[in-house]
Amino acid sequence: MSDVQHEILEADQLPQLRSDWLSLEGSATGFQTYDWCHAWVKAAGEAGSPESVRILVQRVAGKVALIWPMAIRQLGPCLILHTLGEPATQYSEVLIRDDPQGQELLALAWAAISSWKGIDAIELRRVRQTSKLSQLEALRRFEAPGSLEAAPYVDVSGKAGGSAIGQRTGRSRNALRRHERLLSEHGEVRFEILRGPEDQLGACREARILKDSWRARKMIVTAGYAHPASQGFLESLAEQGQLCGARLRVGEDTAAIEIGMVRNGVYLSLVQSYDERFSRHAPGRILFWRFLDECPKLGITVFDFLAPATRHKQEWSEEAVATRDYFVPISRRGRVAAYYLSHTKPALKRIYLRLPGWGKKIAERSLLRLS
């Protein structure tokens, strides 16, 4: 295709792409929207961890047909090209216009980024089976072994047959009502939808306190929460009123919080936190129960729990989309980096999770450096 051109834009050039970017947002997940990417770049800079942004822009006959938001990080001596917004971004995808030649355009875009100078490897995490990227033939032989995961979701549109409460078994509904009754002994139980920027911001801060307490007790380190930009990024989205979610109160105390965002009718569940004082009475389960039933009123048709398919997510969903990771070596050094990312790092994480508390403390800093 002789009328196809590619250019590379960096962080300070994002605003000039905004109009074209918005026009393509229906083709990707909420993690590739302009607002998501712009907020992450801004938060990372303010946190002292600026992103080395590389955005591929493809033009066909002068018009933008594809935008691929990426960034570069250093892993030892290697430069890794990865999806912009990692580790906050949960799905890798490309924005591409609806075009009969879409597959050819995507193949040309891949050829362009895989030829960028100075890149040692390309990392694409959590590529959904239904995504445009999953159709890219050049990726298939680079699937990371053992990376297959499921992203559970619930159709809350009513088309699948009733509400989330109605779909529970009688035994499950009775258990949830019993938990709610026991919870009410500590104070009035109230379910609230997060309304407006101020409420969303307050919920983000509450959720972080609750999550930090839980992580400290469990001695769990996650790259998402450990990244210096993570909290500022979430609060930035909240200040713009771009989040959605719910809170469960017991008296004046917050028992559980759920925070996510809605894009094209899909709710993406980002943060779940609960107060351990009420953990015996399953406040998180009660919150999901009530929130799922409210989703249609909020214009939500699909509730996406995101990967991995943990037990508390599978309780609510019988459907899931498969996701896979891909690590593509470009240089000789990149082969070592790709092997580390696809084999060694997962093995180290498995070992870490089996360590006693003191062992986790010793390993924590090393794991974060190798993220």
Side-chain angles (χ1 to χ4, degrees), residues 1-45 50-73 80-86 88-119 122-128 130-139 233 236-237 240 242 261-266 268 326 328 330:
M1 298 177 69
S2 58
D3 56 349
V4 176
Q5 297 178 324
H6 294 106
E7 59 182 310
I8 306 169
L9 299 187
E10 299 184 357
D12 60 350
Q13 297 172 294
L14 258 70
Q16 72 186 56
L17 260 184
R18 187 174 183 276
S19 178
D20 288 313
W21 199 311
L22 294 176
S23 71
L24 296 177
E25 285 187 352
S27 67
T29 75
F31 303 112
Q32 282 74 48
T33 63
Y34 176 86
D35 289 336
W36 176 272
C37 293
H38 186 263
W40 176 260
V41 170
K42 183 173 181 289
E51 287 278 20
S52 179
V53 175
R54 296 292 184 275
I55 299 174
L56 178 72
V57 180
Q58 182 185 77
R59 299 181 187 273
V60 179
K63 294 184 178 180
V64 174
L66 177 148
I67 296 174
W68 201 333
M70 306 285 276
I72 298 171
R73 76 172 188 280
I80 310 297
L81 183 70
H82 60 92
T83 299
L84 180 59
E86 290 277 4
T89 291
Q90 297 299 303
Y91 296 137
S92 291
E93 182 58 300
V94 60
L95 299 102
I96 185 170
R97 76 184 187 189
D98 189 15
D99 192 297
Q101 296 178 302
Q103 283 297 102
E104 187 177 354
L105 294 175
L106 183 57
L108 290 171
W110 173 255
I113 69 166
S114 57
S115 66
W116 285 352
K117 293 182 179 180
I119 301 301
I122 301 173
E123 173 187 51
L124 296 171
R125 292 188 176 274
R126 294 172 297 277
V127 176
R128 289 162 56 94
T130 55
S131 72
K132 302 289 186 183
L133 282 183
S134 69
Q135 301 168 26
L136 190 58
E137 187 68 34
L139 270 185
F233 167 63
S236 174
L237 293 175
Q240 299 171 52
Q242 293 194 36
M261 63 179 180
V262 182
R263 295 293 184 272
N264 300 320
V266 177
L268 299 160
Y326 298 89
V328 184
I330 302 299

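A quick note: this is a predicted structure, and the numbers were derived from the prediction, not measured.
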*Is there side-chain contact between Leu133 and Trp68, with heavy atoms separated by less than 4.5 Å?*
yes
In terms of heavy-atom contacts, Leu108 and His6 come closest through O-CE1, 3.7 Å
Tell me, do Leu66 and Leu106 make a side-chain contact under 4.5 Å, heavy atoms counted? yes
**OP:** In sequence, state the C-alpha distance, the side-chain angles, and the governing distance for Glu86 and Thr89, and then conclude on side-chain hydrogen bond (donor to acceptor under 3.5 Å, both in side chains).
**Re:** CA-CA 5 Å; Glu86 290 277 4; Thr89 291; over 6 Å; no
Q) Is it the case that Arg97 and Gln58 place a side-chain donor and acceptor less than 3.5 Å from each other? A) no
Between the NZ atom in Lys132 and the CD atom in Gln103, the distance rounded to the nearest 0.5 Å is 8.0 Å
Nearest heavy-atom approach of Ala65 to Leu105 is CB-CD1, 4.4 Å
dist Arg125:CZ -> Glu123:CD (nearest 0.5 Å) comes out at 4.0 Å
Taking the side chain as every heavy atom from C-beta outward, state whether Glu25 and Leu22 have any atom pair closer than 4.5 Å. yes
Output for pair (Leu124 CG, Leu81 CG), nearest 0.5 Å, gives 8.0 Å
d(Ile55 CD1, Ile113 CD1) to nearest 0.5 Å is 12.5 Å
More than 12 foreign heavy atoms under 6.0 Å from CG of Asp98: is that the case here?
no
Ala28 and Val94 have their tightest heavy-atom pair at CB-O, 3.9 Å
Worksheet entry | Sidechain N-carboxylate O distance under 4.0 Å for Arg59, Glu7 | yes
Notebook entry, point to check: Does any non-hydrogen side-chain atom of Ser134 lie less than 4.5 Å from one of Arg128?
Noted result: no
Notebook entry, point to check: Under 6.0 Å from the CD atom of Gln5, do we count more than 12 heavy atoms belonging to anything else shown?
Noted result: no
Closest heavy-atom pair, Phe233 versus Ala88, reported as atoms and distance to 0.1 Å, is CE2-CB, 3.8 Å
| message | Quick one, Arg73 and His82 - any side-chain contact, counting heavy atoms below 4.5 Å? | response | yes
Discussion item. With heavy-atom distances below 4.5 Å as the criterion, would you say the side chains of Trp21 and Pro15 are in contact?
Written reply: no
ask   = Can you say whether the rings of Trp36 and Phe31 are parallel (under 30°), tilted (30 to 60°) or perpendicular (over 60°)?
value = perpendicular
Are the side chains of Met70 and Ile122 in touch, meaning some heavy atoms are under 4.5 Å apart?
yes
With distance as the sole test, does Ser27 use its side chain to make a donor-acceptor pair with the main-chain N or O of Leu95 at under 3.5 Å?
no
Scanning both residues in full, the closest heavy-atom pair of Ala71 with Leu84 reads CB-CD1, 3.9 Å
Q) Under a 4.5 Å cut-off applied to non-hydrogen side-chain atoms, are Trp110 and Leu139 in contact? A) yes
